Trainee: 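I have a structure here, written as structure tokens, and I will follow up with some questions on it.
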Protein chains: 2
Amino acid sequence: MAKLPLADWHPGLSVDCVIFGFHNGALKVLLLQMQGMDKWALPGGFVRKAEDVDEAAVRVLEERTGLKEIFLEQYRLFGQAGRSTTEHARVLHQNGWLDEEDLAWFQQRFVSAGYYALVEYSKVSAPRADYFSSACEWWPLERLPDLMLDHSSLLDAALAALRLHLNHKPVGLSLLPEQFTMPELQQLYEAILGKSLDRRNFQRRMLGYGILCRTGERRRGGAHKAPWLYEFEEEAYEQALQSGLGSTW
Amino acid sequence: MAKLPLADWHPGLSVDCVIFGFHNGALKVLLLQMQGMDKWALPGGFVRKAEDVDEAAVRVLEERTGLKEIFLEQYRLFGQAGRSTTEHARVLHQNGWLDEEDLAWFQQRFVSAGYYALVEYSKVSAPRADYFSSACEWWPLERLPDLMLDHSSLLDAALAALRLHLNHKPVGLSLLPEQFTMPELQQLYEAILGKSLDRRNFQRRMLGYGILCRTGERRRGGAHKAPWLYEFEEEAYEQALQSGLGSTW
DNA sequence: GCAAAAGTGTTAATGGTACACCCATGA
DNA sequence: TCATGGGTGTACCATTAACACTTTTGC
């Protein structure tokens with residue numbers, strides 16, 4: 001990314017992606033460790049002048065995860081005047097990661113479009129760091145490292161948006177592998193909602209929506225009774241989401 | 001706005017506001033008619049470099065409505081590469097509303113933060129047009145004029161966001177006058193949801209939330225039985241919105 | 001007095017909550 | 001065989017949906 005042909009990029013505009021994955025019963029997010037800093041950051045990037053902002057987000061997603069078809073939702077623009085400090089750019093510059101010309105670019109005031117993405121954890125075999133970062137790792141939501149700038153609030157807002165969308169977007173479909181068990185689906189809901197649900201009622205309710213299909217197979221190898229494997233019935237799922245899964249009005 | 005000191009403004013960034021009002025049982029939005037065009041536009045503006053994007057939206061709101069304390073919610077950034085055409089600027093330039101220098105500014109590629117605002121209709125006595133528009137008027141949602149650029153989709157998305165937020169934001173409080181009747185509140189909900197609700201069940205459900213206070217007065221002058229007047233109990237309202245009015249999980 | 005709108009009440013159906021119970025599996 | 005987790009059933013309760021009925025008001 002160094003040596004940007006600056007004329008090609010939309011000034012003062014970036015995208016940041018909160019990439020959610022689900023593994024071992026926990027929600028995780030993909031974070032980058034910044035070169036020469038102990039702080040971590042959300043994967044992000046700049047926007048080409050000729051490019052949709054959505055396309056920029058897709059590009060970032062692909063660069064980090066290697067995946068192209070990802071559920072991606074833009075939830076808000078972050079536009080506080082003081083949100084982008086120059087400290088980070090200064091450190092990069094001192095360590096030789098940024099030359100003079102690019103430094104000026106990084107020291108502009110930036111507004112950033114916040115996206116959240118839902119990916120199937122197992123498909124992201126090797127998350128890749130970008131030019132300015134030394135590591136790219138999954139972090140569980142409950143134990144996050146220090147994040148730079150306002151990335152904590154971006155993340156919080158993404159989770160809030162995800163909760164709000166839970167009944168209207170294909171959250172389960174996007175985060176879970178093709179086949180999954182009912183307990184796994186429940187753990188996912190519990191992780192997103194931040195509270196525990198009744199096992200039996202959850203099952204009945206979910207099956208009541210008519211969006212799940214029992215494959216007939218069970219998940220063997222667990223320590224206890226083998227649970228059934230399910231798949232989503234995609235057409236019925238889409239249909240049900242139109243009006244919202246638990247909507248009241 | 002002509003003769004912008006261009007160095008003070010954030011390049012390629014604007015805000016657009018969908019200002020909702022409620023009058024005579026119908027949802028309305030405030031639109032501007034562009035100088036020399038038959039198309040209408042959402043009230044909008046640019047963002048100063050030293051200003052929060054939210055502040056820019058508040059500024060626009062105040063300029064059009066004269067109101068300062070307005071419920072305002074940013075719902076999404078609109079960032080299609082082709083969304084801002086140069087046609088509008090060309091027309092303004094030809095008619096003498098834009099000089100050469102400002103023309104270049106207007107012909108940049110713009111991304112725009114979409115806000116929706118909820119105002120008490122009666123408090124907006126005289127909406128004011130801006131420099132580039134010849135009229136500023138309320139239009140009912142069901143019969144909207146042709147809108148420029150992608151403002152139709154901005155508006156549709158604002159309504160969708162409003163629906164999604166109905167159980168989590170003080171929608172009634174913001175759109176209705178201090179005192180209102182139950183039928184008025186119901187009409188508001190029906191207008192937002194786009195469907196009719198049962199009168200009696202609506203009333204019971206609303207009263208069940210414990211967020212309304214019957215003043216003891218009735219609205220006289222109507223053609224029929226005089227309905228009670230209510231006010232919101234603001235503390236209880238805020239409280240109830242925390243968990244969502246009709247949330248299921 | 002009539003039509004139309006507002007307030008109150010009742011009932012059946014639906015859906016959620018809180019359980020008890022049985023089944024499968026590995027240690 | 002026991003602890004643990006998974007699957008099914010049921011009884012109870014709250015809420016919703018769909019009604020009937022009464023009250024008020026202007027014409």
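If you're wondering where the values come from, they're calculated on a predicted model, not measured in any experiment. Just so we're on the same page: letters track the sequence lines, and every chain starts at 1.
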Trainee: Would you say C:dG7 has OP1 or OP2 under 4.0 Å from some side-chain N or O of B:Q203?
Mentor: yes

Trainee: B:R219 CZ to D:dG26 C1': how many Å, rounded?
Mentor: 17 Å

Trainee: Could you give all pairs that pass the salt bridge (charged side-chain N to carboxylate O under 4.0 Å, His left out) test and reach residues 176-187 of chain B, with sequence neighbours left out?
Mentor: B:E184-B:R219

Trainee: Does this structure show an ion pair linking B:K169 with B:E73, if we count only N-O contacts that are shorter than 4.0 Å?
Mentor: yes

Trainee: Just to verify, what does A:K225 make a salt bridge (Lys or Arg N to Asp or Glu O under 4.0 Å) with, not counting sequence neighbours?
Mentor: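 Per chain and number, A:K225 pairs via salt bridge (Lys or Arg N to Asp or Glu O under 4.0 Å) with no residue.
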
Trainee: Quickly work out the B:E184 CD to C:dA5 P distance and round it to whole Å.
Mentor: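 In whole Å, C:dA5 P lies 14 Å from B:E184 CD.
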
Trainee: C:dG7 P sits how many Å from B:Q186 CD, rounded?
Mentor: 10 Å

Trainee: Starting at atom CE of B:M182, determine the distance to atom C1' of C:dA6, rounded to an integer number of angstrom.
Mentor: 11 Å

Trainee: Just the rounded figure in Å: distance from C1' of D:dT16 to OH of B:Y209.
Mentor: 11 Å

Trainee: Quick check: B:Y75 with B:Y115 (ring centres under 6.0 Å apart)?
Mentor: no

Trainee: Output the rounded distance in Å from CZ (A:F202) to C1' (D:dG5).
Mentor: 16 Å

Trainee: Would you kindly give the CE-to-C1' distance between A:M206 and D:dG7, to the nearest whole Å?
Mentor: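 Atom CE in A:M206 sits about 17 Å away from atom C1' in D:dG7.
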
Trainee: Produce a footprint string for nucleotides 17-27 of chain C: one letter per nucleotide, 5' end first; B if the base is under 4.0 Å from any protein heavy atom, S if only the sugar-phosphate is, - if neither.
Mentor: BBBB--BBBS-

Trainee: So what does B:R214 hit on the nucleic acid, given a heavy-atom distance under 4.0 Å: a base, only sugar-phosphate, or nothing?
Mentor: sugar-phosphate

Trainee: Crowded around A:E234 CD? As in, over 12 foreign heavy atoms under 6.0 Å?
Mentor: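 No, CD of A:E234 has 12 or fewer neighbouring heavy atoms, counting only those of other groups under 6.0 Å.
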
Trainee: Answer with yes or no after comparing the ring centroid distance for B:Y237 and B:Y209 against a 6.0 Å cut-off, counting only values under it.
Mentor: no

Trainee: Rounded to whole Å, please give me the gap between NZ in A:K195 and P in C:dG16.
Mentor: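 Checked: the NZ to P distance equals 13 Å.
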
